[in-house]
Amino acid sequence: MPSYSPVFSAAFIQYTASTPNSEFEVPAGFTAVVRQVSAYQDIGGYDLGVFLQDDADAPTLQFVSLKDVDIATCTYWEGRIVVPETGIISILWSELGATPQFYVGGYLLRNTLS
């Protein structure tokens with residue numbers, strides 16, 4: 001009888017000044033499902049793009065664009081984007097304001113039942 005792995009939400013990218021990660025590679029044996037993208041800055045603005053690609057040599061595809069110029073505001077996107085194993089999720093932004101914080105989250109699905 002196959003065993004099943006529980007599905008947990010995961011932060012793929014959680015960018016802050018102290019944790020400046022801007023890329024997540026989906027591990028072999030898993031498929032990632034992006035469910036939420038959030039962006040925040042104390043003051044100023046940002047133009048945030050979220051991209052996926054099948055592998056490091058593939059062209060990027062932008063699937064989210066968030067823009068904001070104001071004081072202490074948050075913008076977000078919710079949906080379902082599937083990224084295959086060894087695919088890459090990345091963010092790119094123009095930083096115009098102070099203390100940007102970006103989050104890309106979802107869950108990992110195991111590709112085989114074992």
Non-hydrogen side-chain atoms of Leu52 and Val34 separated by less than 4.5 Å: no
Single-linkage hydrophobic cluster, 4.5 Å side-chain cutoff, Tyr107 and Val82 together: yes
Side-chain (Arg80) to main-chain (Arg35) donor-acceptor, under 3.5 angstrom: no
From Gln62 atom CD to Ser90 atom OG, the distance as rounded to the nearest 0.5 Å: 9.5 Å
Table please: side-chain donor-acceptor pairs of residues 8-20 below 3.5 Å, with sequence neighbours left out.
residue: Thr16; atom: OG1; partner: Ser18; partner atom: N; Å: 3.4
residue: Thr16; atom: OG1; partner: Ser18; partner atom: OG; Å: 3.2
residue: Thr16; atom: OG1; partner: Thr19; partner atom: N; Å: 3.1
residue: Thr16; atom: OG1; partner: Thr19; partner atom: OG1; Å: 2.8
residue: Thr19; atom: OG1; partner: Gln14; partner atom: O; Å: 3.0

ring-ring contact (aromatic ring centres under 6.0 Å, His included) contacts touching residues 60-85 (sequence neighbours left out): Phe63-Trp77
Student check: side-chain heavy atoms of Gln41 and Asp68 closer than 4.5 Å: no
Any donor-acceptor pair under 3.5 Å from Tyr46 side chain to Ala39 backbone: yes
side-chain hydrogen bond (donor to acceptor under 3.5 Å, both in side chains) assessment of Thr31 paired with Asn111: CA-CA 7 Å; Thr31 297; Asn111 291 342; 2.7 Å; yes
Geometric class of the Trp93/Phe102 ring pair [parallel <30°, tilted 30-60°, perpendicular >60°]: tilted
Working for side-chain hydrogen bond (donor to acceptor under 3.5 Å, both in side chains), residues Thr99 and Asp42: CA-CA 6 Å; Thr99 62; Asp42 286 340; 2.5 Å; yes
ILVMFWY network linking Leu66 to Tyr103, side-chain heavy atoms under 4.5 angstrom: no
Where Val26 and Glu85 come nearest, the two heavy atoms and their spacing: CG1-CA, 3.8 Å
Residues Val64, Ile81; criterion side chain to side chain contact (heavy atoms under 4.5 Å, CB included); working and verdict: CA-CA 10 Å; Val64 173; Ile81 299 293; 5.9 Å; no
Pro84 vs Asp54 side-chain heavy atoms within contact, under 4.5 Å: yes
Under 3.5 Å donor-acceptor, Gln53 side chain and Ala58 backbone: yes
Heavy-atom pair of closest approach, residues Ile88 and Glu23: CG2-CG, 3.4 Å
Spacing of Leu61 atom CG and Phe51 atom CZ [to the nearest 0.5 Å]: 9.0 Å
